Amino acid sequence: MNVIKQAPEIMYKNNQFCAGCGHGITYRLIQEAVEELGYKDNHITVLGVGCSCNLNTLTKGDKFQCAHGRAAAVATGMKHTKKDTLIFTYQGDGDAGVIGIAETLNAAYRNEKITVITVNNSNFGMTGGQMSWTTLPEQITTTTPLGRDCAQKGYPFHLPEMIASQFTHVAYVARGAVNDSKNIRQLKKMIKNGLEAQVKEEGYSLIEVLAPCPTNWNLSPLQSLEWLEENMLKEYPIGEFKKRGV
Ligand SMILES: Cc1ncc(C[n+]2csc(CCOP(=O)(O)OP(=O)(O)O)c2C)c(N)n1
Ligand code: SF4
(Lines give C-alpha, C1' and ligand atoms only; values in the text may rest on other atoms or scores of the structure.)
(Ligands and ions follow the chains in the order given, each with its own letter.)
Protein backbone atom coordinates (compact mmCIF):
# COMPACT_ATOMS: atom_id res chain seq x y z
CA MET A 1 0.00 0.00 0.00
CA ASN A 2 1.31 3.47 -0.88
CA VAL A 3 1.83 5.85 2.03
CA ILE A 4 0.00 9.09 1.21
CA LYS A 5 0.64 10.94 4.46
CA GLN A 6 2.23 9.99 7.75
CA ALA A 7 3.17 11.59 11.05
CA PRO A 8 6.44 13.59 11.03
CA GLU A 9 9.44 11.36 11.67
CA ILE A 10 10.41 13.17 14.85
CA MET A 11 7.13 12.46 16.63
CA TYR A 12 6.71 9.41 18.82
CA LYS A 13 3.54 7.57 17.98
CA ASN A 14 2.23 7.65 21.54
CA ASN A 15 1.06 10.67 23.50
CA GLN A 16 -0.32 11.34 26.96
CA PHE A 17 -3.02 13.86 26.16
CA CYS A 18 -6.66 13.16 27.05
CA ALA A 19 -8.94 11.89 24.29
CA GLY A 20 -10.04 14.80 22.10
CA CYS A 21 -7.40 17.23 23.44
CA GLY A 22 -6.26 19.89 20.95
CA HIS A 23 -2.58 19.80 21.93
CA GLY A 24 -1.70 16.68 19.92
CA ILE A 25 -2.98 17.89 16.55
CA THR A 26 -1.44 21.33 17.12
CA TYR A 27 1.99 19.93 17.80
CA ARG A 28 1.76 17.59 14.82
CA LEU A 29 1.11 20.62 12.57
CA ILE A 30 4.13 22.37 14.07
CA GLN A 31 6.36 19.40 13.42
CA GLU A 32 5.10 19.06 9.85
CA ALA A 33 5.96 22.72 9.26
CA VAL A 34 9.36 22.30 10.91
CA GLU A 35 10.19 19.36 8.63
CA GLU A 36 8.91 21.12 5.52
CA LEU A 37 11.10 24.13 6.29
CA GLY A 38 14.13 21.84 6.59
CA TYR A 39 14.68 22.22 10.35
CA LYS A 40 14.01 18.65 11.48
CA ASP A 41 17.49 18.40 12.98
CA ASN A 42 17.98 22.06 13.87
CA HIS A 43 15.15 23.33 16.03
CA ILE A 44 14.33 23.66 19.73
CA THR A 45 10.86 23.50 21.27
CA VAL A 46 10.86 25.74 24.34
CA LEU A 47 8.17 24.27 26.56
CA GLY A 48 5.98 26.08 29.02
CA VAL A 49 4.45 24.47 32.07
CA GLY A 50 1.00 22.94 31.67
CA CYS A 51 -0.35 20.11 29.56
CA SER A 52 2.18 21.25 26.95
CA CYS A 53 4.75 19.44 29.14
CA ASN A 54 3.37 16.20 27.72
CA LEU A 55 5.41 17.00 24.63
CA ASN A 56 8.39 15.76 26.59
CA THR A 57 7.17 12.29 25.62
CA LEU A 58 5.76 13.18 22.19
CA THR A 59 8.73 14.46 20.21
CA LYS A 60 12.25 13.19 19.67
CA GLY A 61 13.35 16.70 18.67
CA ASP A 62 15.38 18.99 20.94
CA LYS A 63 13.35 20.66 23.65
CA PHE A 64 13.83 22.65 26.82
CA GLN A 65 11.44 22.67 29.77
CA CYS A 66 11.16 26.16 31.30
CA ALA A 67 9.77 27.38 34.59
CA HIS A 68 6.13 28.47 34.31
CA GLY A 69 5.72 31.50 32.03
CA ARG A 70 9.37 32.07 31.21
CA ALA A 71 9.49 30.48 27.74
CA ALA A 72 9.76 33.66 25.63
CA ALA A 73 12.72 34.87 27.73
CA VAL A 74 14.45 31.49 27.48
CA ALA A 75 13.80 31.33 23.73
CA THR A 76 15.21 34.85 23.36
CA GLY A 77 18.45 33.84 25.06
CA MET A 78 18.71 30.72 22.92
CA LYS A 79 18.12 32.62 19.69
CA HIS A 80 20.82 35.18 20.52
CA THR A 81 23.35 32.38 20.86
CA LYS A 82 22.02 30.06 18.13
CA LYS A 83 20.93 32.35 15.32
CA ASP A 84 20.66 29.58 12.72
CA THR A 85 18.44 27.34 14.85
CA LEU A 86 14.66 27.50 14.59
CA ILE A 87 13.44 28.36 18.08
CA PHE A 88 9.81 28.44 19.10
CA THR A 89 7.90 28.30 22.35
CA TYR A 90 4.97 25.98 22.96
CA GLN A 91 2.79 27.24 25.81
CA GLY A 92 -0.75 27.23 27.18
CA ASP A 93 -2.75 30.44 27.49
CA GLY A 94 -2.07 30.45 31.22
CA ASP A 95 1.64 30.12 30.56
CA ALA A 96 2.05 32.64 27.71
CA GLY A 97 -0.64 35.02 28.97
CA VAL A 98 -1.49 34.97 32.63
CA ILE A 99 1.79 34.07 34.27
CA GLY A 100 4.19 34.74 31.39
CA ILE A 101 2.73 37.97 30.06
CA ALA A 102 5.85 40.01 30.91
CA GLU A 103 8.11 37.65 28.96
CA THR A 104 5.69 37.37 26.03
CA LEU A 105 5.29 41.15 25.72
CA ASN A 106 8.95 42.01 26.24
CA ALA A 107 10.00 39.67 23.43
CA ALA A 108 7.38 41.23 21.14
CA TYR A 109 8.40 44.73 22.19
CA ARG A 110 12.00 44.01 21.20
CA ASN A 111 10.86 42.19 18.05
CA GLU A 112 12.96 39.17 18.98
CA LYS A 113 13.33 36.69 16.13
CA ILE A 114 11.46 33.90 17.91
CA THR A 115 8.06 32.29 17.40
CA VAL A 116 5.55 32.02 20.24
CA ILE A 117 2.88 29.36 19.83
CA THR A 118 0.21 29.39 22.50
CA VAL A 119 -2.73 27.03 22.91
CA ASN A 120 -5.89 28.70 24.21
CA ASN A 121 -8.26 26.14 25.76
CA SER A 122 -9.92 28.76 28.01
CA ASN A 123 -8.69 27.24 31.28
CA PHE A 124 -5.70 26.00 33.27
CA GLY A 125 -5.87 22.44 31.99
CA MET A 126 -3.08 20.67 33.82
CA THR A 127 -3.94 21.84 37.31
CA GLY A 128 -7.61 20.87 37.15
CA GLY A 129 -9.54 23.41 35.07
CA GLN A 130 -9.19 26.69 36.95
CA MET A 131 -10.22 30.03 35.40
CA SER A 132 -7.71 31.60 33.03
CA TRP A 133 -7.73 35.13 31.57
CA THR A 134 -9.16 33.51 28.43
CA THR A 135 -12.13 31.89 30.21
CA LEU A 136 -15.37 33.01 28.55
CA PRO A 137 -18.04 35.09 30.33
CA GLU A 138 -20.32 32.76 32.32
CA GLN A 139 -18.03 29.78 31.67
CA ILE A 140 -17.98 27.29 34.53
CA THR A 141 -14.54 26.34 35.79
CA THR A 142 -13.38 24.88 39.10
CA THR A 143 -12.69 28.40 40.41
CA THR A 144 -15.83 29.93 38.86
CA PRO A 145 -18.42 27.24 39.74
CA LEU A 146 -21.28 29.68 39.13
CA GLY A 147 -19.80 30.86 35.83
CA ARG A 148 -17.24 33.62 35.22
CA ASP A 149 -18.64 36.91 36.46
CA CYS A 150 -16.56 39.37 34.41
CA ALA A 151 -17.51 42.39 36.50
CA GLN A 152 -15.72 40.69 39.41
CA LYS A 153 -13.12 38.54 37.72
CA GLY A 154 -12.09 40.46 34.63
CA TYR A 155 -12.85 40.02 30.96
CA PRO A 156 -11.55 37.60 28.29
CA PHE A 157 -8.02 38.34 27.11
CA HIS A 158 -7.12 38.67 23.41
CA LEU A 159 -3.37 38.20 23.15
CA PRO A 160 -2.89 38.28 19.35
CA GLU A 161 -4.97 41.46 18.99
CA MET A 162 -2.96 43.07 21.80
CA ILE A 163 0.43 42.21 20.29
CA ALA A 164 -0.56 43.24 16.75
CA SER A 165 -2.05 46.56 17.83
CA GLN A 166 0.65 47.58 20.32
CA PHE A 167 3.81 46.20 18.72
CA THR A 168 3.21 47.03 15.08
CA HIS A 169 6.80 46.23 14.04
CA VAL A 170 6.47 42.46 14.76
CA ALA A 171 6.57 40.11 11.77
CA TYR A 172 3.46 37.96 12.02
CA VAL A 173 0.49 37.45 14.37
CA ALA A 174 -2.45 35.11 13.87
CA ARG A 175 -5.10 33.02 15.60
CA GLY A 176 -6.23 29.64 14.30
CA ALA A 177 -8.29 26.71 15.56
CA VAL A 178 -8.32 22.93 15.43
CA ASN A 179 -12.09 22.37 15.43
CA ASP A 180 -12.51 21.24 11.80
CA SER A 181 -10.44 20.26 8.79
CA LYS A 182 -10.73 23.66 7.09
CA ASN A 183 -9.45 25.46 10.16
CA ILE A 184 -6.74 22.86 10.73
CA ARG A 185 -5.43 23.41 7.19
CA GLN A 186 -5.51 27.17 7.71
CA LEU A 187 -3.72 26.83 11.05
CA LYS A 188 -0.94 24.83 9.42
CA LYS A 189 -0.37 27.73 6.99
CA MET A 190 -0.33 30.19 9.90
CA ILE A 191 2.22 28.14 11.83
CA LYS A 192 4.40 27.80 8.73
CA ASN A 193 4.13 31.54 8.10
CA GLY A 194 5.20 32.32 11.66
CA LEU A 195 8.18 29.97 11.53
CA GLU A 196 9.17 31.18 8.08
CA ALA A 197 9.11 34.78 9.30
CA GLN A 198 11.75 33.73 11.83
CA VAL A 199 13.83 31.84 9.24
CA LYS A 200 13.82 34.94 6.99
CA GLU A 201 14.80 37.08 9.99
CA GLU A 202 11.69 39.28 9.72
CA GLY A 203 11.15 39.37 13.48
CA TYR A 204 8.79 38.12 16.18
CA SER A 205 5.83 35.93 15.35
CA LEU A 206 2.96 34.67 17.49
CA ILE A 207 0.22 32.17 16.74
CA GLU A 208 -2.62 31.47 19.17
CA VAL A 209 -4.46 28.17 18.70
CA LEU A 210 -8.04 27.63 19.91
CA ALA A 211 -8.15 24.05 21.14
CA PRO A 212 -10.59 21.83 23.03
CA CYS A 213 -10.03 20.54 26.56
CA PRO A 214 -12.82 17.93 26.89
CA THR A 215 -11.67 16.78 30.33
CA ASN A 216 -12.05 20.15 32.04
CA TRP A 217 -14.96 21.29 29.92
CA ASN A 218 -16.79 18.15 31.09
CA LEU A 219 -17.80 17.38 27.52
CA SER A 220 -17.17 14.52 25.13
CA PRO A 221 -14.53 15.10 22.43
CA LEU A 222 -17.28 15.67 19.84
CA GLN A 223 -19.28 18.01 22.09
CA SER A 224 -16.06 19.94 22.76
CA LEU A 225 -15.60 20.70 19.08
CA GLU A 226 -19.17 21.99 18.92
CA TRP A 227 -18.69 24.06 22.07
CA LEU A 228 -15.50 25.57 20.67
CA GLU A 229 -17.23 26.50 17.44
CA GLU A 230 -20.33 27.93 19.12
CA ASN A 231 -18.57 29.82 21.91
CA MET A 232 -14.84 30.33 21.51
CA LEU A 233 -14.86 31.31 17.83
CA LYS A 234 -17.28 34.15 18.64
CA GLU A 235 -15.12 35.64 21.40
CA TYR A 236 -11.83 34.84 19.67
CA PRO A 237 -12.14 35.30 15.89
CA ILE A 238 -9.57 33.45 13.83
CA GLY A 239 -7.46 35.27 11.25
CA GLU A 240 -4.19 37.10 10.64
CA PHE A 241 -3.78 40.25 12.73
CA LYS A 242 -0.35 41.15 11.37
CA LYS A 243 0.54 39.83 7.95
CA ARG A 244 4.12 39.37 6.85
CA GLY A 245 5.71 42.15 4.85
CA VAL A 246 3.02 44.73 5.66
C1 LIG B 1 5.25 29.51 39.35
C2 LIG B 1 4.15 28.47 39.19
N3 LIG B 1 2.87 28.79 39.51
C4 LIG B 1 1.89 27.89 39.35
C5 LIG B 1 2.18 26.64 38.88
C6 LIG B 1 1.06 25.63 38.75
N7 LIG B 1 0.64 25.42 37.38
C8 LIG B 1 1.14 24.41 36.63
S9 LIG B 1 0.43 24.30 35.11
C10 LIG B 1 -0.56 25.64 35.45
C11 LIG B 1 -1.58 26.15 34.46
C12 LIG B 1 -1.32 25.80 33.06
O13 LIG B 1 -2.34 26.29 32.24
P14 LIG B 1 -2.12 26.65 30.75
O15 LIG B 1 -0.85 27.40 30.58
O16 LIG B 1 -3.33 27.34 30.23
O17 LIG B 1 -1.88 25.24 30.03
P18 LIG B 1 -2.82 23.97 29.82
O19 LIG B 1 -2.49 23.01 30.91
O20 LIG B 1 -4.24 24.42 29.82
O21 LIG B 1 -2.43 23.44 28.48
C22 LIG B 1 -0.33 26.15 36.73
C23 LIG B 1 -1.06 27.31 37.31
C24 LIG B 1 3.52 26.32 38.56
N25 LIG B 1 3.86 25.13 38.05
N26 LIG B 1 4.50 27.24 38.74
S1 SF4 C 1 -6.56 18.36 30.70
FE2 SF4 C 1 -7.30 19.37 28.83
S3 SF4 C 1 -5.50 20.38 27.92
FE4 SF4 C 1 -4.77 18.84 29.41
S5 SF4 C 1 -4.39 16.97 28.21
FE6 SF4 C 1 -6.47 16.83 29.05
S7 SF4 C 1 -7.82 17.68 27.44
FE8 SF4 C 1 -5.69 18.34 26.98
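Heads up: numbering here begins at 1 and tracks the sequence. For the numbers below, each heavy atom of this structure counts, side chains included, while hydrogens, waters and symmetry mates do not. Each ligand, and each atom within it, is numbered from 1 in the order the structure gives. From a predicted model like this one, the values you see are computed outputs, not experimental measurements.
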Task: Within reach of ligand 2, part of Cys51 (heavy-atom separation under 4.0 Å) - done: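 It is the side chain that gets close, since no backbone atom is under 4.0 Å.
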Nearest neighbour in protein (non-hydrogen) for [atom]:
atom                    : value
atom 15 (O) of ligand 1 : Asp95 N, 2.8 Å
atom 24 (C) of ligand 1 : His68 CD2, 3.4 Å
atom 2 (Fe) of ligand 2 : Cys213 SG, 2.3 Å
atom 21 (O) of ligand 1 : His23 NE2, 2.9 Å
atom 16 (O) of ligand 1 : Gly94 N, 2.9 Å
atom 20 (O) of ligand 1 : Gly125 N, 2.7 Å
atom 3 (S) of ligand 2  : Asn121 ND2, 3.4 Å
atom 8 (Fe) of ligand 2 : Cys21 SG, 2.3 Å
atom 17 (O) of ligand 1 : Gly92 CA, 3.7 Å

Do NZ/NE/NH1/NH2 and the carboxylate oxygens of [X] and [Y] come within less than 4.0 Å?
X      : Y      : answer
Lys60  : Glu9   : no
Arg70  : Glu103 : yes
Glu36  : Lys192 : yes
Glu202 : Lys200 : no

Task: Distance filter under 4.0 Å to Asn216 heavy atoms, resulting ligand 2 atoms - done: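 Here the atoms of ligand 2 in question are 1 (S).
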Task: Atom indices of ligand 2, in the order listed, that fall short of 4.0 Å to a heavy atom of Thr215 - done: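 The atoms of ligand 2 under 4.0 Å from a heavy atom of Thr215 are 6 (Fe), 7 (S).
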Using distance alone, determine whether [X] and ligand 1 share an N or O pair under 3.5 Å.
X      : value
Cys51  : yes
Ile99  : no
Asn121 : yes
Thr127 : no
Gly50  : no

Using only atom types and a distance under 3.5 Å, with no angle test, would you say the side chain of [X] pairs donor to acceptor with the backbone of [Y]?
X      : Y      : value
His80  : Gly77  : no
Asn123 : Asn121 : yes
Asn183 : Asn179 : no
Thr141 : Thr144 : yes
Glu32  : Lys188 : no

Open item on the list: List ligand 1 atoms under 4.0 Å from Phe124, heavy atoms only on the residue side.
Closed with: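 Atoms satisfying the 4.0 Å criterion: 11 (C), 13 (O), 20 (O), 23 (C).
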Open item on the list: Can you name the atoms of ligand 1, numbered from 1 with element, that are less than 4.0 Å from a heavy atom of Val49?
Closed with: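 Numbered from 1, ligand 1 contributes 8 (C), 9 (S), 12 (C), 15 (O), 25 (N).
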- [ ] Measure from the ring center of His169 to the ring center of Tyr204 and say whether it is less than 6.0 Å.
- [x]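 No, ring centres 6.0 Å or more apart.
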Open item on the list: If the cut-off is 2.8 Å, does any N/O/S atom of Cys18 fall short of it from atom 2 (Fe) of ligand 2?
Closed with: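 No, Cys18 does not qualify, because none of its backbone or side-chain N, O or S atoms lies under 2.8 Å.
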Open item on the list: Against ligand 1, does Asn123 come closer than 4.0 Å with any heavy atom?
Closed with: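 It does; at least one heavy atom falls under 4.0 Å.
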- [ ] Indicate yes or no: at least one non-hydrogen side-chain atom of Arg148 is less than 4.5 angstrom from one of Leu136.
- [x]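 Not touching, per the 4.5 Å side-chain cut-off.
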Open item on the list: Does only the side chain of Gln130 get under 4.0 Å from ligand 1, or the backbone, or both, or neither? Count heavy atoms.
Closed with: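 Under 4.0 Å from ligand 1, Gln130 contributes no heavy atoms.
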Task: OG1-CD distance between Thr115 and Glu196, expressed to the nearest 0.5 angstrom - done: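 Answer for the OG1-CD pair, Thr115 versus Glu196, is 11.0 Å.
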- [ ] Answer yes if Leu195 and Val170 sit in the same cluster of Ile, Leu, Val, Met, Phe, Trp and Tyr residues linked by side chain heavy atoms under 4.5 Å apart, and no otherwise.
- [x]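 Different clusters: Leu195 never reaches Val170 through Ile, Leu, Val, Met, Phe, Trp or Tyr contacts under 4.5 Å.
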